[in-house]
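Just so we're on the same page: letters track the sequence lines, and every chain starts at 1. This is a predicted model, so every value here is computed, not measured.
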2 protein chains.
Amino acid sequence: MPYRETDATRRRAEERRTSLLMAARALVARHGFAGAKVSAIADTAGTSTGLVYSYFDNRDELLATVFRESASQELDTTRQATAAAGPDVTGRLDAFIRTFAGRALRGRRLAWALLFEPVSPLVEAERLVYRRAYIDIAEHLVRDGIDTGAFAAQHPGVSGAATIGAISESLIGRLNPLGHDSLDGLPDETIIDDIVRYCHRALGAPAIEPKETPR
Amino acid sequence: MPYRETDATRRRAEERRTSLLMAARALVARHGFAGAKVSAIADTAGTSTGLVYSYFDNRDELLATVFRESASQELDTTRQATAAAGPDVTGRLDAFIRTFAGRALRGRRLAWALLFEPVSPLVEAERLVYRRAYIDIAEHLVRDGIDTGAFAAQHPGVSGAATIGAISESLIGRLNPLGHDSLDGLPDETIIDDIVRYCHRALGAPAIEPKETPR
DNA sequence: TGAAGGATTGAAGGATGATTCAATACTACC
DNA sequence: GGTAGTATTGAATCATCCTTCAATCCTTCA
């Protein structure tokens, strides 16, 4: 019985799979999910289109995996930055917003794909999971702030969702590869500062004056 | 030269066109834009699929028209309710939020289609216009509030966008025909009250206590 | 009523991409 | 090298809808 699955073959298969995922990820980061066509992914990975189907059941599942990996990396980074900001709730909220918004503005196309691009229901389901995770972070912050008396009394779930919404809607104009930005002309940093102040007020936190003097 | 275009024929054509639009609108309100397939629209309107193309250049244009009509009706209603709330900025903000959120929750599927459903670029462009219009309303309110001393000093554009985002993100869980709502269990009215309070705080407006005693 | 010409039909044609699969190329082991 | 079995290829096939268009039906007006 010649030919057996061996370490070498397993490793090669793993590499193939990874290279397909990396190719898809690169395409998504550059052209969005719509640009990640099976043939383009295969081309980019240097394989035939057919091979994609020995590594993934179908395109949707592949894209959902790409979404999961990219989104979870973003989420981890944001989580860590938030946690690293220390014990003060207000400072953690600040770090959360700045990390989330800052990263989105630095990788606009990817951020747009992850946050707003129209996607298939399977990928949308994945998005819902991550959206929920961000809301959870915000919700915990709010709860914490209420408990320690740093924030006003409020419904943590609603305020968490509202905060995520406030941040992302403020960014959407900048991220959308089409539409014009109503906030055009403002530097990114200014916008982020304004969002931070908005959210602090919304949660009833004491204002943090940014280093720059306010307009 | 028999057969001339006449009042009767013109009227009938107008009716045909309208019935196609109504059919499409009904389908969108029930199944979203994805459910408004050309054949389904034609069936619902009681015509052949081919006929659709003597009244509209293509499906996208028809759907963009449907979007425009539905969205502008929503916008008008919200605008009027806001204006009708009187001269007090805080009260107008309150009316704006309650009208927007209340209507969305009453017509969830339509609201979801208009606000969040993945659509073609042409329809998305239409959505951008209306999104911008809502932000404009909020932005004006903010500017007004700042001028009259009712709101804190802030960037009206950013705060306008953030406010729209806060409202819609709080609703998204309820509107999405798929995903579960993290705010499940809360009655709509409670959520709206919480959103109102959130936004008032965010803009630095004096709190408005709702008639109901807060939780 | 009948002829001219617009309105309507719906099956065929296209477009776009995902997916399959028979053929071919490799790999591992003797 | 030979062979059993796996990996890879990529052209053909499918699937889904939108869009077209030759044939047919309807209106209008003399």
Side-chain angles (χ1 to χ4, degrees), chain A residues 1-21 23-24 27-28 31-67 117-124, chain B residues 1-21 23-24 27-28 31-67 117-124:
Chain A
M1 63 217 46
Y3 198 107
R4 246 340 135 48
E5 189 175 68
T6 183
D7 276 350
T9 61
R10 247 189 304 273
R11 187 169 37 70
R12 241 171 295 149
E14 189 53 44
E15 275 166 14
R16 274 288 204 211
R17 195 187 141 89
T18 304
S19 78
L20 283 168
L21 281 172
L27 285 166
V28 168
H31 306 292
F33 285 96
K37 307 196 189 309
V38 175
S39 60
I41 295 170
D43 281 0
T44 305
T47 75
S48 64
T49 63
L51 194 64
V52 171
Y53 292 85
S54 12
Y55 289 93
F56 299 91
D57 285 349
N58 53 53
R59 177 175 183 258
D60 260 16
E61 195 226 298
L62 164 51
L63 292 189
T65 304
V66 167
F67 191 102
E117 184 186 356
V119 292
S120 74
L122 192 72
V123 178
E124 181 71 30
Chain B
M1 69 243 5
Y3 197 106
R4 250 333 139 51
E5 189 175 68
T6 183
D7 276 350
T9 62
R10 247 189 304 273
R11 186 168 39 70
R12 238 171 297 150
E14 190 52 44
E15 275 165 14
R16 274 287 205 210
R17 194 187 142 90
T18 303
S19 78
L20 283 169
L21 281 172
L27 285 166
V28 168
H31 306 292
F33 286 95
K37 310 198 188 308
V38 175
S39 61
I41 295 170
D43 281 0
T44 306
T47 74
S48 65
T49 63
L51 193 64
V52 171
Y53 292 85
S54 10
Y55 289 93
F56 299 91
D57 284 350
N58 53 52
R59 177 175 183 259
D60 260 16
E61 194 226 298
L62 164 50
L63 292 189
T65 304
V66 167
F67 191 102
E117 183 186 357
V119 292
S120 74
L122 192 73
V123 178
E124 181 70 30

Requested in this report: Select base, sugar-phosphate, or nothing to describe what B/Tyr55 touches, counting heavy atoms under 4.0 Å on all strands.
Outcome: sugar-phosphate

Query raised in the report: B/Val66 pairs by side-chain contact (heavy atoms from CB on, under 4.5 Å) with which of B/Leu21, B/Val123, B/Ile41, B/Leu27?
Result: B/Leu21

Query raised in the report: When the nearest nucleotide of DNA chain C is assigned to B/Ala13 and to B/Gly50 on a heavy-atom basis, which residue is associated with the more 5' position?
Result: B/Ala13

Report task. Would you confirm whether A/Arg17, through its side chain, and A/Phe56, through its main-chain N or O, come within 3.5 Å as a donor-acceptor pair? Result -> no

Query raised in the report: Under 3.5 Å, is there a donor-acceptor pair between the side chain of A/Arg16 and the main chain of A/Ala45?
Result: no

Please report, rounded to the nearest Å, how far the [atom2] atom of [N] is from the [atom1] atom of [X].
X	N	atom1	atom2	value
A/Arg17	D/dA7	CZ	P	14 Å
B/Leu20	C/dT9	CG	C1'	14 Å
A/Leu51	C/dT20	CG	P	14 Å
B/Arg59	D/dT20	CZ	C1'	17 Å
B/Tyr53	D/dT20	OH	C1'	9 Å
A/Ile41	C/dG17	CD1	P	13 Å
B/Asp57	D/dC18	CG	C1'	14 Å
B/Asp43	C/dT8	CG	C1'	15 Å

Query raised in the report: Rounded to the nearest 0.5 Å, how far does CZ of B/Arg10 lie from CD of B/Glu15?
Result: 13.5 Å

Options [options], nucleotide nearest the side-chain atoms of [X]:
X	options	answer
B/Ser48	C/dA18, D/dC18, C/dT9	C/dT9
B/Arg12	C/dA28, D/dT27, C/dT8	D/dT27
A/Thr49	C/dT19, D/dT8, D/dT19	C/dT19
A/Asn58	C/dT8, D/dT19, C/dT19	C/dT19
A/Lys37	C/dG17, D/dC18, D/dT9	C/dG17

Query - Pairing nucleotide - D/dC29, Watson-Crick or G-U, each distance under 3.5 Å - result: C/dG2

Query raised in the report: Taking any strand in view, what nucleotide pairs with D/dA12 in a Watson-Crick or G-U wobble way, both distances under 3.5 Å?
Result: C/dT19

Requested in this report: Using heavy atoms to find the nearest nucleotide of DNA chain D for B/Ala36 and B/Thr9 separately, return the residue whose nucleotide is more 5′.
Outcome: B/Ala36

Query - Where B/Asn58 and B/Tyr53 come nearest, the two heavy atoms and their spacing - result: CA-CE2, 3.8 Å

